[in-house]
Amino acid sequence: MSSVSISFSPLALSLPNKPYRKNPSQKPNPQFISKSKSKSKSTSKSKAKSKSKSSSSDEKLTSSSSIAIEATSYTRLPPRDDFLASSLIDAYREIKLSDSYVVTKSEEGQRISKELHGEKLIGFDYKEYETPDVGEDDEDEDFEEDYDSDEEDIDYIEGREEDGEIVVFGGEEFEGFKEGDEDEDEEEKEKGVPAVMRCFDRAKIFVKAGNGGNGVVAFRREKFVPLGGPSGGDGGKGGNVYVEVDGAMNSLLPFRNCLHYRAGRGSHGQGSDQNGAKGEDVVVKIAPGTVIREAREDGVVGEVLLELLHPGQRALLLPGGRGGRGNAAFKSGMNKVPRIAENGEEGHEMWLELELKLVADVGIVGAPNAGKSTLLSVISAARPEIANYPFTTLLPNLGVVSFDYDSTMIVADLPGLLEGAHRGFGLGHEFLRHTERCSVLVHVVDGSSPQPEYEFDAIRLELELFNPELAEKPYLVAFNKMDLPEASERWESFEQHLLAEDIQPFCMSAISKQGTHEVVCAAYELVRKIREAAKEVEGLAAPVNLNHVAEEIKKKRAFPINDFDITHDSSSKTWHVVGDGLERFVQMTNWSYVDSDKRFQHVLEACGVNKSLIDRGVKEGDTVNIAGLERIWYNAPGSASSSGAKNKSTDSIRWPSWK
Ligand SMILES: Nc1nc2c(ncn2[C@@H]2O[C@H](COP(=O)(O)OP(=O)(O)OP(=O)(O)O)[C@@H](O)[C@H]2O)c(=O)[nH]1
Ligand SMILES: [Mg+2]
């Protein structure tokens with residue numbers, strides 16, 4: 001075994017491994033707001049400043065960075081004054097609108113924003129994105145005109161002031177959250193998720209097990225073999241539906257092209273006692289971390305059927321239908337020439353909802369544009385898109401960080417989070433879901449943002465509000481963009497702020513790879529501890545039964561035929577006899593053969609349907625519906641118990657037992 005060559009800096013060793021607990025006293029500090037307002041009056045100024053001060057910032061890091069500095073403050077959610085500055089308006093136009101942008105257009109929008117974030121408003125105020133407030137009317141118009149000129153890139157919705165926030169993602173839109181109509185809002189949000197994102201981690205597929213092949217009626221005809229007897233073979237079994245975890249998949253996008261998965265049907269039996277071949281199985285390949293639910297017609301979220309995490313796991317989901325018996329199987333001493341064979345059993349079918357929650361050891365979280373993708377790109381071979389505008393990343397990116405051949409971890413770069421993400425704002429639900437399966441979280445904080453402390457607190461709060469378990473996960477904090485002077489200026493106050501909460505943050509410049517090694521090593525140390533703890537627990541835990549869905553279906557198939565319910569509709573004089581066993585029996589009866597009806601009568605008699613109907617007072621002429629099959633009841637002459645077909649000669653035949 002090779003040794004893991006990881007060197008830990010003293011900073012990394014002092015990493016707090018305690019889960020974060022929400023501190024209710026962490027409310028927005030008005031001092032911060034006023035401070036930042038005065039500090040960041042002009043972004044252009046700060047750009048110039050950042051250039052002149054770059055050498056001093058480098059002192060904080062061990063070696064200086066030769067990489068060009070990019071001021072990124074305009075892509076953040078800036079203080080209102082900043083936003084109104086004309087330099088920012090120019091900058092705002094530069095934002096790549098085809099990817100994303102957020103607008104609050106009206107008074108109503110502001111009101112909703114306030115209501116939504118009301119008591120626990122931390123950090124961003126979305127009313128700052130009120131485009132009509134840009135200043136003078138003329139300017140406003142200019143802006144709108146400029147904006148309109150970009151219309152070929154995006155679908156921009158106008159004149160819907162009452163709707164509050166409008167979010168546009170690559171030409172698709174949804175309306176912002178409005179308190180009081182969550183249900184409608186859910187639908188709206190679903191609509192607003194761009195197709196590629198929906199397909200990335202959600203899919204709805206149809207699966208069907210193969211039907212069994214039919215049995216046949218055949219008789220042996222051969223020279224020198226007189227009265228060869230029945231020789232109809234049984235039908236083959238239908239193919240099964242399996243679900244298998246494919247380690248090479250990291251999304252559900254393949255299900256975009258293929259929705260229906262049908263296993264092959266069993267071949268029909270043939271003469272000369274030849275049984276049919278088994279139907280072909282179908283294997284549905286899914287990504288690790290996929291949750292499978294039954295999709296219900298009423299829209300209610302079905303219960304989880306399977307949750308497959310590890311590559312190579314295979315579950316039998318739907319077993320194929322049984323092959324029908326051929327007439328050779330019905331031969332008996334009393335019935336030497338049976339003219340009967342069964343249909344193959346129908347394979348079970350269902351619609352499934354697949355939901356992927358990425359399985360990664362480390363999840364990189366943070367506000368948009370914090371440098372999450374940059375961090376992933378420098379620590380792994382992954383090449384995510386990196387750009388100077390928010391929501392560059394819309395789909396999570398995975399990367400493998402290798403220290404040694406046997407010490408690796410999977411790191412996921414997740415899309416940026418906004419305040420209100422836990423309520424679906426900025427498609428937060430879509431993104432936050434993926435953090436649930438990460439063992440460790442790395443918070444990347446944009447050091448160049450006016451209030452990095454708020455940014456960190458807001459993201460932490462969003463995670464906790466989305467799922468309190470997320471707040472219990474071990475995490476570490478990486479203060480990024482230390483190569484920028486404004487970031488290095490803020491580092492000390494940020495560090496003090498976190499140290500007061502017993503958290504030791506890391507500082508780094510992802511773009512120049514400085515300080516990233518310490519962050520990765522510290523994250524790996526946390527991952528290693530978690531893996532060790534998980535191994536211990538795994539040893540004690542009982543093995544999970546992956547085939548329980550198929551077992552349930554098989555159990556249902558073996559349901560006894562004499563277990564049925566009878567209901568009576570007096571207005572239409574109809575009796576309904578229902579039962580899983582009876583239903584299957586009716587489905588497998590092949591009515592084209594003469595003996596089928598006799599056997600049907602025999603089974604009804606034997607399983608007590610006739611007797612129960614007589615006891616309940618069935619009258620001649622009444623309709624009896626047996627598992628969907630309608631018959632008219634009549635009383636056979638001279639018999640108290642008889643049914644609606646044929647005579648009693650069937651009693652003399654011994655039919656093989658129903659199976
Ligand atoms: N100066 C400087 N710029 C950085 C650093 N890290 C990232 N950036 C820049 O910040 C911008 C955003 O970086 P990304 O890595 O795309 O940020 P992100 O957090 O993935 O953004 P989203 O995907 O939109 O959430 C890019 O222009 C990067 O070049 C850094 O350490 N220093
Ligand atoms: Mg990104």
Side-chain angles (χ1 to χ4, degrees), residues 46-47 49-51 53-55 57-58 60-77 91 94-102 124 167 169-170 197 363-380 382-399 411-419 421 426-428 430-432 434-435 441-449 452 455-456 458-459 462 478-491 506-519:
S46 77
K47 272 188 191 172
K49 216 171 152 191
S50 74
K51 278 182 188 159
K53 281 201 174 180
S54 62
S55 57
S57 74
D58 288 342
K60 303 275 184 217
L61 301 166
T62 45
S63 65
S64 66
S65 155
S66 60
I67 292 167
I69 295 162
E70 292 178 68
T72 58
S73 55
Y74 69 82
T75 55
R76 311 217 55 72
L77 301 174
E94 284 170 36
I95 296 174
K96 227 183 172 183
L97 293 168
S98 58
D99 283 81
S100 78
Y101 103 117
V102 182
F124 323 125
V167 180
F169 275 90
M197 289 174 65
I364 306 178
V365 292
N369 229 25
K372 303 179 291 298
S373 305
T374 311
L375 177 61
L376 181 74
S377 72
V378 297
I379 61 173
S380 74
R383 289 290 164 263
E385 198 186 338
I386 297 167
N388 200 2
Y389 51 82
F391 294 111
T392 312
T393 307
L394 287 180
L395 303 176
N397 299 300
L398 290 180
V411 180
D413 156 39
L414 302 167
L417 300 169
L418 294 176
E419 191 181 342
L427 300 182
E430 304 302 313
F431 305 154
L432 280 165
H434 296 294
T435 56
L441 298 179
V442 172
H443 284 261
V444 175
V445 181
D446 184 350
S448 69
S449 74
E455 187 178 295
F456 170 60
I459 299 295
E462 287 308 320
F479 184 88
N480 192 26
K481 306 197 184 178
M482 273 296 275
D483 54 297
L484 296 177
E486 58 264 42
S488 60
E489 268 170 25
R490 286 169 194 140
W491 161 244
F506 289 77
C507 64
M508 66 176 189
S509 166
I511 207 162
S512 57
K513 295 193 187 180
Q514 289 178 37
T516 52
H517 185 69
E518 282 76 14
V519 173

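Every number for a ligand or one of its atoms is a count from 1 in the order of the listing.
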For ligand 1, the portion of [X] having any non-hydrogen atom under 4.0 Å away:
| X | result |
| --- | --- |
| Thr392 | both |
| Leu484 | side chain |
| Ser373 | both |
| Leu375 | neither |
| Ala387 | backbone |

Provide the number and element of each atom of ligand 1 under 4.0 Å from a heavy atom of Tyr389.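 Those qualifying, in numeric order: 24 (O).
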Which of the atoms of ligand 1 are close to Asn369, meaning less than 4.0 Å from one of its heavy atoms?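 Under 4.0 Å from Asn369, ligand 1 has these atoms: 11 (C), 12 (C), 17 (O), 18 (P), 19 (O), 21 (O), 22 (P), 24 (O), 25 (O).
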For the Mg ion (ligand 2), which protein N/O/S atoms fall under 2.8 Å? Skip waters.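 Within the sphere that stays under 2.8 Å of the Mg ion (ligand 2), the protein atoms of type N, O or S are Ser373 OG, Thr393 OG1.
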Decide whether the shortest distance between a heavy atom of Ala370 and an atom of ligand 1 is less than 4.0 Å.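 Yes, that is the case, since the closest heavy atom of the residue is under 4.0 Å from the ligand.
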For a quick check under 3.5 Å, do [X] and [Y] share a side-chain donor-acceptor pair by atom type?
| X | Y | value |
| --- | --- | --- |
| Glu455 | Ser449 | yes |
| Asp446 | Asn369 | no |
| Ser377 | Thr374 | no |

Are [X] and [Y] side-chain neighbours, meaning at least one heavy-atom pair lies under 4.5 Å?
| X | Y | value |
| --- | --- | --- |
| Leu376 | Asn397 | yes |
| Val442 | Val365 | no |
| Val411 | Leu398 | no |
| Leu414 | Thr435 | yes |
| His443 | Phe456 | yes |
| Thr516 | Lys513 | yes |

Selection from Asp483, Thr516, Val365, Ile511 by shortest heavy-atom distance to atom 1 (N) of ligand 1: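 Residue with the shortest heavy-atom distance to the ligand atom: Asp483.
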Taking distance alone, with N or O pairs closer than 3.5 Å, would you say [X] contacts ligand 1?
| X | answer |
| --- | --- |
| Pro368 | no |
| Ala510 | yes |
| Phe391 | yes |
| Glu385 | no |
| Asp413 | no |

Qualifying residues under side chain to side chain donor-acceptor pair (under 3.5 Å), relative to Thr393, sequence neighbours excluded: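 Thr393: side chain to side chain donor-acceptor pair (under 3.5 Å) contacts with Ser373.
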